Every structure is written in structure tokens, then in C-alpha cells.
Protein chains: 2
Amino acid sequence: MHGLSVSTPPTDLRPLTRSAASQPLVHLADGLDLPGVAMPFLRNEEIYGQDEPAEFVYRVLSGTVRTCRQLADGRRQVEAFHLPGDVFGLECGAVHYASAEAVGDCEVALVRRAAVESAAHRDGTAARALWLLATGDLERVRRLTLTLARKGATERVASFLLAMAARSEGDVVDLSMSRNDLADHRGLTIETVSRTFTQLERCRMIALPSPRRVVLRDRRALAALDG
Amino acid sequence: MHGLSVSTPPTDLRPLTRSAASQPLVHLADGLDLPGVAMPFLRNEEIYGQDEPAEFVYRVLSGTVRTCRQLADGRRQVEAFHLPGDVFGLECGAVHYASAEAVGDCEVALVRRAAVESAAHRDGTAARALWLLATGDLERVRRLTLTLARKGATERVASFLLAMAARSEGDVVDLSMSRNDLADHRGLTIETVSRTFTQLERCRMIALPSPRRVVLRDRRALAALDG
DNA sequence: CGAGCGTTTGAACAGCGTCAAAACAAGTGG
DNA sequence: CCACTTGTTTTGACGCTGTTCAAACGCTCG
């Protein structure tokens with residue numbers, strides 16, 4: 001699952017191109033373009049559910065998608081946020097490990113997983129692309145475990161902001177997700193996230209023109225907080 | 001597989017390149033057996049270092065191996081413990097994400113990564129096996145993030161004990177790792193881990209014949225603590 | 001204007017970390 | 001066999017960080 005755990009894949013927003021079979025081609029990875037369809041989703045709409053059969057692979061065309069895992073008692077962990085260009089929902093097993101939901105209104109491309117797997121079986125290069133997708137996700141999740149295991153609230157928020165900034169232009173970051181989503185991603189409560197924001201603002205490391213808009217004023221100091 | 005003699009120093013790997021034909025086969029996954037060599041490591045000896053070129057793939061023959069990632073300030077995160085039969089150190093990128101060290105004296109099989117990759121390129125089944133290895137790691141790390149993000153100390157220790165028990169016979173678990181390793185794996189301190197053990201013992205959920213030997217007396221209660 | 005939602009802020013609390021010391025085990029040398 | 005060392009584990013007292021609970025604030029949209 002391409003995502004925003006820490007490091008960031010290059011955002012490649014090439015438009016859907018027409019294939020012979022009338023379905024547009026979806027770019028899943030370098031050397032792996034397969035026919036699929038685009039689908040719109042509304043804010044908070046579920047794209048697929050945890051433990052549901054994994055029939056499709058997805059690519060974000062616009063908006064933001066979150067993938068979450070839920071515990072029986074309601075505690076929730078947001079695995080990752082997926083921005084335009086990111087591929088998510090690719091499983092090797094039968095079912096989806098997490099659910100996927102639209103953070104805001106968004107558009108997503110669907111590709112049949114069977115098509116992906118048969119392409120990988122035929123073509124060694126496609127197979128390697130698949131492996132690369134998996135290990136990319138792996139590294140991002142690993143970095144997340146390090147953050148969750150060993151870092152304090154300030155470091156957790158700072159590293160998130162830096163990761164988001166790496167996918168934006170300039171120093172202004174528009175957060176598409178709520179404090180709640182952010183807290184569930186960083187293993188904190190919304191109150192702690194909010195307090196950390198205001199604290200970073202008082203330290204002149206960021207500015208907050210509005211709750212969802214963050215300006216990075218001192219990248220160096222933020223990076224020092226990060227590991 | 002255990003046949004290779006005593007004194008091949010860790011850094012001298014020339015026998016590998018010389019006589020591939022005479023090397024024993026190492027089982028990396030179903031349908032993926034490749035020639036490699038066995039090597040012994042002493043307690044706490046480094047098998048490979050973080051950010052070092054990833055030239056080999058490894059399989060535990062005996063003992064336990066830990067893979068760790070270290071922050072600049074010394075904070076350490078133990079990604080995983082690898083028990084006999086486990087494959088570790090397989091990377092897609094150029095370097096190792098984490099370092100690997102012997103928890104106790106152990107023996108490990110080494111396979112050239114180039115051999116693995118070329119097998120995967122030729123053979124779709126081998127390629128899928130590689131993908132499966134990566135997604136298996138991915139799922140394990142994902143479960144770890146959930147634990148670290150949302151669970152308390154008791155739950156963290158309980159789920160670890162259950163995971164270890166799943167790889168042992170019966171209800172007795174012999175921990176090969178120190179409290180320190182355990183703490184760095186679960187995102188806790190050694191004091192908290194120790195206190196949690198004695199607390200679980202007082203609740204009659206476990207017995208502690210010795211610090212490293214744990215008897216699970218109430219799996220149900222332990223599982224209830226887990227998510 | 002008021003309703004509803006998301007965000008911020010405050011005060012009291014709890015859990016885990018920190019520091020310090022004691023208990024324990026295993027190995028070494030006299 | 002004992003005294004001594006070294007490393008690991010356990011236990012205790014205390015403080016900090018983040019959570020919980022509660023209330024106020026500030027949007028946006030009827």
C-alpha cells in the first residue's frame with residue numbers, strides 16, 4: 001500500500017490512457033499498466049472493508065484515501081494515507097488486511113487483481129514491480145513502527161508534517177484529514193495532536209492560518225525533532 | 001546443511017563464489033530452493049549492519065536472530081525475532097533497512113541475493129514466492145504497528161507471549177532473548193516488561209519457573225488481553 | 001441566527017519512564 | 001569451597017507525558 005507513513009513515492013499523475021479493450025490503462029508501477037475503471041467516492045465512504053475478499057487493486061486519482069485496521073473494542077489504527085498516484089489495496093492473501101475509506105470526496109481507479117497476478121506470472125519485470133510495491137509498503141510501515149515504538153508526541157507530529165510537506169509544493173501543507181484521523185495514524189489522541197500543533201506554533205516552527213493549513217517555518221528544527 | 005566447518009570467518013565468503021555446484025540447497029520458500037552456505041554466529045555477533053549493501057538473503061538454521069533499527073541518539077527498535085526456519089534480510093533496495101544480530105549462538109544459511117533475483121526473473125512461481133515473503137513480513141509489521149499504536153503494556157507483553165507460544169510445543173515457552181531485547185521490540189522499558197511479567201504471574205495467567213522460561217496457564221485470559 | 005461539527009483548551013488523573021538499589025545467577029580465581 | 005566479579009532481572013519511589021473528562025470556541029450551513 002503506497003502511503004504516507006514516512007517516505008514518499010514520487011507522485012506520478014499521468015492521466016488514464018485508452019487501451020484497446022475500451023478500458024483506460026491504469027499505471028500501477030513502472031512497466032505495469034493494466035486496464036481498469038475509475039470510480040468516485042464520497043467523503044467517508046468505504047472503498048473496501050477489512051477482511052473482505054481482495055478482488056481489486058486501487059490507485060488514487062484525486063483526493064485522499066485512508067486504510068485502517070479496527071480492533072473489536074473500537075480502537076482504530078490508520079495504517080496510511082494514500083495521496084494521488086499512490087497504489088493501495090494490493091494483497092497477496094485472499095482478503096484485505098485493512099479497510100479503505102475516502103477521507104474527502106475522491107476518485108479511485110480499480111484494476112482486477114487477477115489481471116495483475118497473471119501479468120506478473122508471465123512477465124518477470126512486472127513481477128519485480130509487484131515485489132517493489134510490497135517492499136516499498138514494507139519500508140514505510142517499518143518506519144512507522146519505529147515512530148510508534150520510540151518517539152514522543154512532538155516527534156510523531158513533526159515527522160508527519162515533514163512527510164506531508166515532501167508531497168506538497170513549497171512550505172504550505174493542506175491537510176485533507178481531520179485531527180481524529182491524524183491521531184489514529186500517529187497513535188495519539190486528538191487532544192494531544194491539537195496541543196502539539198499549538199506548541200509547534202508557539203515555538204515558531206509552524207504557522208496555522210487555519211486548522212487544516214500548516215506552514216512549515218523551520219524545517220531544520222522539525223527535522224531535528226524527527227529521527 | 002550443517003556440514004560446513006567451523007572456522008569460516010564472517011567476512012570471508014569466497015567459497016560461495018567458487019563452487020556453487022557443491023553448495024547445499026537452502027529452502028527459502030515453497031518452490032524456491034537455492035544453493036548457499038551455513039555460517040555460525042556467536043551471541044550478539046552482527047550478521048549484517050544497517051545500511052550495508054544487501055548482498056545475501058538469510059535463513060535461520062538454529063538459534064534466534066534479531067533485526068534492529070537504530071536511531072542516532074541510541075534508541076533502538078527490534079523489528080522482529082527470527083526463529084529456525086525463518087528467512088530474513090531479503091531486500092529489494094540496495095541496502096539493509098535494519099541490522100541483524102545473533103541473540104544467542106546460532107547458525108544461519110546465506111544465499112546470494114543475485115541468485116534469488118535471477119530465479120525470480122526466470123520463473124513466475126519463484127517470483128510469487130518472493131512476493132509472498134514480502135507480504136508476509138508486511139502483515140507481521142502491520143500487526144506490530146497496531147500493537148504499538150493502540151495497546152498498553154500488558155497487552156503488548158501478552159500478545160508477544162502468545163506469538164512465541166504459537167511457535168513452541170505445549171504451554172512452555174523458552175525465551176531466547178533478554179528483557180532488554182523484548183522491551184525494545186514491544187516499545188517499552190525493561191522495567192515495565194519485568195513488572196508486567198510479575199503482574200501476569202500474580203494474576204495466575206503465567207508461571208515463571210525461571211526468568212527466561214514462561215508457562216502459559218490461562219491462554220484464554222491472555223488472548224482476551226490481546227486484540 | 002442557531003445547529004452541528006470539528007478544534008482548542010483546561011484540570012485532574014493514570015500509566016509508563018526514570019533513577020536508584022537490591023536480588024539473583026553464572027563465571028573466575030584464590 | 002569461598003570471595004569476588006559481571007551481567008541480568010526484579011523491585012521501589014518519584015516525576016513526566018499523554019489520556020480522560022469536560023467545557024468553550026469557531027467554523028460552515030441551514
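Numbers restart at 1 for each chain; the letters A, B, ... are given by sequence-line order, proteins then strands. Predicted, not measured: the structure shown is a model, and the values here were computed from it.
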Sequence neighbours excluded, which residues qualify as side chain to side chain donor-acceptor pair (under 3.5 Å) partners of A:Arg112? A:Glu55
Under the ring pair (Phe, Tyr, Trp, His ring centres under 6.0 Å) rule, what pairs show up with a residue in residues 61-80 of chain B, not counting sequence neighbours? none
By ring-ring contact (aromatic ring centres under 6.0 Å, His included), A:Tyr58 pairs with (sequence neighbours left out) A:Tyr48, A:Phe88
Sequence neighbours left out, what passes side chain to side chain donor-acceptor pair (under 3.5 Å) with A:Asn44? Give chain and number order. A:Arg66
The side chain to side chain contact (heavy atoms under 4.5 Å, CB included) partners of B:Arg167 (sequence neighbours excluded) come to B:Leu83, B:Asp86
Set out, line by line, the N/O atom pairs under 3.5 Å between protein and nucleotides 6-11 of chain D.
unit_1 : atom_1 : unit_2   : atom_2 : d
D:dT8  : OP1    : B:Arg43  : NH2    : 3.3
D:dT9  : OP1    : B:Arg212 : NE     : 2.7
D:dT9  : OP1    : B:Arg212 : NH2    : 3.3
D:dT9  : OP2    : B:Arg179 : N      : 3.0
D:dT10 : OP1    : B:Arg179 : NH2    : 3.3
D:dT10 : OP2    : B:Arg179 : NE     : 2.7
D:dT10 : OP2    : B:Arg179 : NH2    : 3.4
D:dT10 : OP2    : B:Ser194 : OG     : 2.9
D:dT10 : O5'    : B:Ser194 : OG     : 3.1
D:dT11 : OP2    : B:Thr198 : OG1    : 3.4

Can you list everything that forms a side chain to side chain donor-acceptor pair (under 3.5 Å) with A:Ser176? Sequence neighbours excluded, please. A:Thr64
Got a sec? Which of residues 67-83 of chain B come in under 4.0 Å of DNA chain C, heavy atoms? none
Side chain to side chain donor-acceptor pair (under 3.5 Å) against B:Arg113, all qualifying residues, sequence neighbours excluded: B:Glu117
Using a 6.0 Å distance limit plus a 45 degree cone around the ring axis, check whether B:Arg186 lies over the aromatic ring of B:Phe160. no
Identify the 5'-most and 3'-most nucleotides of DNA chain C with at least one atom closer than 4.0 Å to a non-hydrogen atom of chain A. C:dG6 to C:dA11
Anything under 3.5 Å between a donor and an acceptor, one on a side chain of residues 219-227 of chain B, the other on a protein residue two or more places apart or in another chain? List them.
unit_1   : atom_1 : unit_2   : atom_2 : d
B:Arg219 : NH1    : B:Asp171 : OD1    : 2.2
B:Asp226 : OD1    : B:Lys151 : NZ     : 2.7

Using residues 195-203 of chain A as the side-chain source, report each donor-acceptor pair under 3.5 Å to any protein atom, sequence neighbours left out, with the distance given to one decimal.
unit_1   : atom_1 : unit_2   : atom_2 : d
A:Thr196 : OG1    : A:Thr192 : O      : 2.6
A:Thr198 : OG1    : A:Arg195 : O      : 2.8
A:Glu201 : OE2    : A:Leu208 : N      : 3.4

